[in-house]
Structures are given as C-alpha cells and as structure tokens.
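Everything below concerns the one structure shown next.
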Protein chains: 2
Amino acid sequence: MGASLKDVAALAGVSVKTVSNVVNGYTYVAPHTREKVEQALAELEYRPNLSARNLRRGRTGVIALALPELDAPYFAELSRFVIDAAVERGWTVLIDQTDGLADREREVLQGIREQLIDGLIFSPITVGREELAARTDSTPMVLLGERIMDGPTHHVAIDNQRAAREMTEHLISLGHTRIGAIGAQENPSANTAHLRLAGYRQALEAAGLPYDERLAPPTASYHRADGAAVMRRLLELDEPPQAVFCFNDLLALGALRTALTSGLRVPDDLALAGFDDIEDGRYSTPTLTTISPDKAHIARTAVELLDARISGSGRGGRPAEDDGQREVEADYRLIVRESTVRP
Amino acid sequence: MGASLKDVAALAGVSVKTVSNVVNGYTYVAPHTREKVEQALAELEYRPNLSARNLRRGRTGVIALALPELDAPYFAELSRFVIDAAVERGWTVLIDQTDGLADREREVLQGIREQLIDGLIFSPITVGREELAARTDSTPMVLLGERIMDGPTHHVAIDNQRAAREMTEHLISLGHTRIGAIGAQENPSANTAHLRLAGYRQALEAAGLPYDERLAPPTASYHRADGAAVMRRLLELDEPPQAVFCFNDLLALGALRTALTSGLRVPDDLALAGFDDIEDGRYSTPTLTTISPDKAHIARTAVELLDARISGSGRGGRPAEDDGQREVEADYRLIVRESTVRP
DNA sequence: TGATACGATTACATCGTTGAAACAGCGTTG
DNA sequence: CAACGCTGTTTCAACGATGTAATCGTATCA
C-alpha cells in the first residue's frame, strides 16, 4: 500500500509532524528540511490517507448528489455541471440514485451516508414538505427544484409556474385554443408537476380558455415512453388538441414520435413544446421549442450555497442562523424552435 | 455531531468494544446485553463514522467510476447500471469526469483519489497502452471498452471491430455500394474509433468495395454537432454516400438532422446507422438502426470483476497473480430500425 | 552575561473504530 | 479437582493524520 507519513519521516530523518507540516504548507520549516522531506515524499510517492485525515479533521471533502435518474438527460446534463463546479472547489462528488422512489429519497434525507459526506445536493421528486421538515440529519443540504418548504433549507430553482405559464402563452399566441398538457401527476407531492400544471392553467384562464381535464391526463413518469403513450390517448379524443405542452423534453420527444408516426405534421397539424432544453431537442426534427433553465447557473449556485453552509457550520455546531441568501431563483429562457413555429 | 461508540457505550453501561460487536453482528453477545445496547444505539441515533471505520479496516466502501462525460447518453445509461450494480454490493460510487482529456485520464491512472477508493472502473478515451502499462497505483482497476493492453488489467467490452463489420455488412446487404463512415479519429490512441473503422474497412474489403478516405473523414469528438458537421461535408462531395455508418448514436442523430434538413429522405435517399443504442435513437424519426451493447451486462460484469479483485488483493499484498477471468467479452445485438430499412 | 524572543522541530494525545488477545465465569470431562 | 473448553466481555494497541504544547537552538537585546 501507499507510504504513510511515518515512512516518509523515517526516510527523511525527521519527525512525522514535520512531514505533516511540509505537506500542509506550514510556514516555519527550514528550507533545508523542507527539501529533504520533499525528496522523500516524491521518492515514496506519498499520498495522504484521506480516511485518516478526515477522521482527524472531521471533513471528508466529498459531497453527495442525490437525484432520481442519472440517465435522464436533464439530470445527466445537470450532473456534469455540478461535478465541474464541485471539482473546482476541490470536492469529490458521489452519486446517489433514488429512482424517484419515496423510500430511497427518505433514506437520503435520513443521512445514510452522513458520515461520509460533508454536504448534500438533493433533487427530490416524491418526498414532500413534511418529510423534508422532519429531517434530523444535520449534514448541510441544498435542494434543487422548486422550494418545497419555508424552513431553513436552501434551494435553487427556476420559477416553474411562471415558465410554464409563459410557454402556454406562447402556444396561445400562435392562435391555438385547444391546448393539451402532458406531465400532470397524481401524486400530490409531485411538486414540479403541480407547479407546471398551475402555470398552464393560469395561462388558459388569463386567455379565457376553458381547462379541460381530458387534455391534461396524468403520466406515470417523465420518460419518452410516457409521452408517447399519453399522446396516443390525446389523439384518440373526439377533439384532439392543436398544441401540446409537455412538462419535460423527454415527454415531448415521446409525444413527437407518436405524432409523426400518426401522420401528423409538426408544427402544422400539431404544435409541441417541451421543458428542460436537453440536447436531444436541439437535434430532433423538428427541433423542440422548450424552456431552457440555466443549468450551469443552477449547478454553480447550488455548489456555492453548499460551500457556504459547510464552511459556516463549525464541527458540532448548528449552521449559522442566517448564512446568506438561501432561496435562489435561477434564470431560464423560452426558446422557440421548429416544433411550434415553422421557420 | 453524531454519537460515537463511546457515547453509546456509556449510555448502555458496557465497553466500547461490546457496542462495536453488536453493531457488527458479532455472535457472542448475551441477548440481554444486545438489547440494552440496541436501545442505546437507537436512542442516540448512532451512525458509524465511516472515516474511522475505513481507516481501521483499510477499506472505504467507495469505488470510482471514471468516464469521459456524464452527459453523453451512452455513459449516462451505463453509469446508472454501474451504480445500481455497485449499490447492490453495498458500495458507493463516486464519479470522475475526464472530459476525455489526456491529462485528466492520466491523473485517474496515477490515483488522485487512491486513498479514498477501493477500486476503479475506468473508461479511457485518449490514454494508450503505454500509459496504462506505466500505471503505478495499485488500486484495483477494471477497464471499460476494448482491451488496450495485454497486461494484468481486467476489462469488459464488446468486440467493437466485429460489431462494426456486421453493421457495415448490413448496409452492404441493402445494396449500398458507397458507404460512408463518421467517427474516425486522428489521435492514434483513440482505440475504439480505430477498431470500428477497422471493422468497417474489413466489411468493405470482404465485399470487394473500395475504401475511400473522403467517405470517412475524422471527427473532433463524438457529439451530435460533430455528426451534423461531418454529414454536411459528406453531402458536399461530388458523389455523396448512399449510406453512412456513424460510430455512435450521437453522431448518427447529428447526421440525421443534417440529412433531413437537407431535404433527404431517410432511409430512402440515405441510410443511416449508429452504435450504442441510446434511448434517443428509439424515439427519433426515423428510429435508428444501431449496435446495442448489453449495458447492464457490461456494468454488472465490471462491478463483479472489480469486487473479485478487491476481495482478492489483501491489504498490502499484490492482487493474486491469477484471480479468474480478466477479459470479458460482452454481448451485443444489431438492431435494425427505420433509418436503414423502411418498415 | 543572562533574559527574551522567535524559528524550527518534536512528543504526545486524539479522532472513532476494530482486531488480537486476555480475562472472567461456568459447565464438562477425565 | 485440575484442566479444558466455551461464552461473553473487556483491555489494549493500532490504523494515519494533525492540533497542542513542549522543547531545543540560536540570535537579539538590555
């Protein structure tokens, strides 16, 4: 195994602590000694044992990123930014995949890995306000996605409801009056879905259009297959929609596939919009109109907030009662592409 | 912070070691004692300090997954399987994103995180045989992707060359004689690219078709944008190809976009094939003919191999000279979809 | 010259856990 | 009844690093 400080010390003919001092850049080390030690360090290819260091320091340098699915493009893209931002700060990121299962999300909250991580960035799907509030684990946490509680939990999110309203308004502005939505959820804790649905309804109402439940059927999850299946149902309606707003791009891509194989022309016969701006939607034919959250901004901000919380909370102490901004609203843009407007 | 064994021991009125024994399910603990201790454990919400445990045991329970890009769908999908398989074995997975940069890949090999992880699953892009052979870090490693050296490095991969040949044969069997390829790489260490190109050329040769370099221009990387750009160049040729084999699905999706916007019908005017079977290709229009590696199998096997190596190599000892199979060839299937054959 | 200050280094305890080994109690066995 | 074996528990040392305080040598100053 790797050499320890002891080995290096023996080789350099100094004490263990001196080697430690050199490693940690302690000021008062004689140049001569420093050189000797550094030579020994190099010769033995010394690498600090992080377990030991962490045990002593009470920090691990590792943060966890807990999210539903790594293979959903939105999360994959977001993860890359989170990891980039974390690495910049010298952190290592460990991934916790919850599959959106309530049990796993609860485990995350209860701090399965409490002792292994300094902080947690968590993108919940099913757990709700109560469970978040009931959290006992004291590991600093930052939530991704809409704010779900008013407590001291930091979070970073775009204004889902407003974005959804804008998108729906966009569809209305194109002259459509029968506008469907794909992505409603029956689970009352599915916060994001509810917010986007609320934005959709808001826009309809503002335009004096009726809300028709049959045009916004619930989906099991947010994958392409769900979008494809629900789209099929919408097309079977007596009066199918002229436009459909999908609550994420995957649903939209699934819906697009169904529409195209059904012989519809998009956007001529049916306008389609998504949400998330994943790369797929920029290369599909037609390309996808969507809401583009600033993922890099979200990721960077989340990591920064977490950093602040971690630095702020001394070992054993609670986090400072007020450690700066805790609710960050991230930017987003509505991007119009071929799926709603022929260029 | 969390309670330690000491606190629990004090509360339960036993020695620290007895608590440790209870926690670790040691057999010889009197039922009465066990109960007392368990009560104390529950009351204090004890959670073992992993740093300390790892320091003592010499294991961390963490493995690293080093790959180029988390947001490339193939890797995202693969990661999900790797994480699933690792979690099943009680491991936590930490992600190392190399961006395919030689420096970062080298760092991975040199064991930046050596002391934090028990093992490493590595999917290299640029580092070659020499660098892999020169590795000094003794952390058990399993490579993903084609075998790059004959040394003691375990690896899991499909037969890239054979798969590429089969795909090219498929295109030939459709009657195409001018078949392009997208994904060749100039970097001589880009092993996968070379293998797929070799398979492509093999098939051409076997069919008595000439290899035309202009039909297989190099790409900078393997993203949709590269596919789109190279496709544009191919279409500008005096004699554009009738079919194009892209070395991954992203390239194919990019190429598809270019083809469709250029007014070509796929597959009628141009047949397109990819490689990887990412989900996008199952929902694009047309759906994508591709090579489908058994990702779950690859992931599971990699984790199993790693497990064996980790268990096999005692602390401080070298891994056993022969610890079972080390070169695993994973399954794959050629999936014909709409992009090459109209249904 | 002796006190003082400061630079450079070291000894020691400690973080929380676990393996090794010792020990205590008690029933068996020859 | 001594020796033995078994269960149940404890003591001790160690994993590798680092914070604290002590130590040592040397230059500085009154």
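Numbered from 1 within each chain, the chains take letters A, B, ... in sequence-line order.
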Item to check | Interatomic distance where CG belongs to L5(B) and P belongs to dT9(D) [whole Å] | outcome: 16 Å
Checklist entry - Looking at L109(B), L67(B), L144(B), which hits side chain to side chain contact (heavy atoms under 4.5 Å, CB included) with F122(B)? => result L109(B)
Item to check | Option passing side chain to side chain contact (heavy atoms under 4.5 Å, CB included) with V142(A) (candidates V156(A), T301(A), I63(A)) | outcome: V156(A)
Checklist entry - For L55(B) and dA17(D), what is the distance between atoms CG and P respectively, to the nearest whole Å? => result 9 Å
Pairs under 3.5 angstrom, nitrogen or oxygen only, protein versus nucleotides 19-25 of chain C, please.
| unit_1 | atom_1 | unit_2 | atom_2 | d |
| --- | --- | --- | --- | --- |
| dG19(C) | N7 | K17(B) | NZ | 3.0 |

Item to check | Candidate nucleotides dA17(D), dC15(C), dC15(D), ranked by approach to the side chain of K6(A) - the nearest | outcome: dC15(D)
Checklist entry - For the pair made of CZ in R59(A) and C1' in dA17(D), what is the distance, rounded to whole Å? => result 16 Å
Checklist entry - Taking all non-hydrogen atoms of both residues, which atom of I117(B) and which atom of A64(B) are closest, and how far apart? => result CD1-CB, 3.8 Å
Item to check | Exercise: do N54(B) and T60(B) side chains pair donor with acceptor under 3.5 Å | outcome: no
Next on the checklist: Looking at every non-hydrogen atom in both residues, tell me the closest pair between A330(B) and I298(B) and how far apart they are.
Outcome noted: CB-CG1, 3.4 Å
Checklist entry - How far apart are the closest heavy atoms of S79(B) and L65(B), and which atoms are they? => result OG-CD2, 3.7 Å
Checklist entry - If only atom types and distance count, is the side chain of D71(B) paired as donor or acceptor with the main-chain N or O of R80(A) below 3.5 Å? => result no
Checklist entry - Considering the options R59(B), R300(B), R89(B), which one meets the salt bridge (charged side-chain N to carboxylate O under 4.0 Å, His left out) requirement together with D307(B)? => result R89(B)
Checklist entry - Rounded to whole angstrom units, what separation is found between the CZ atom of R53(A) and the C1' atom of dT18(D)? => result 9 Å
Checklist outcome for this item: Sorted by chain and residue number, the side-chain hydrogen bond (donor to acceptor under 3.5 Å, both in side chains) partners of T18(A) (sequence neighbours excluded) come out as S15(A)
Checklist entry - Rounding to a whole Å, what distance do you find between L41(B):CG and dT17(C):P? => result 10 Å
Checklist outcome for this item: Checking dT18(D), dG16(C), dA17(D) against the side chain of N49(B) (C-beta onward), the nearest is dG16(C)
Checklist outcome for this item: Expected string for nucleotides 4-9 of chain C under the B/S/- scheme (protein heavy atoms, under 4.0 Å, primed atoms plus P, OP1, OP2 as sugar-phosphate) is ---SSB
Item to check | Distance, rounded to the nearest Å, where L50(B) contributes CG and dC15(D) contributes C1' | outcome: 15 Å
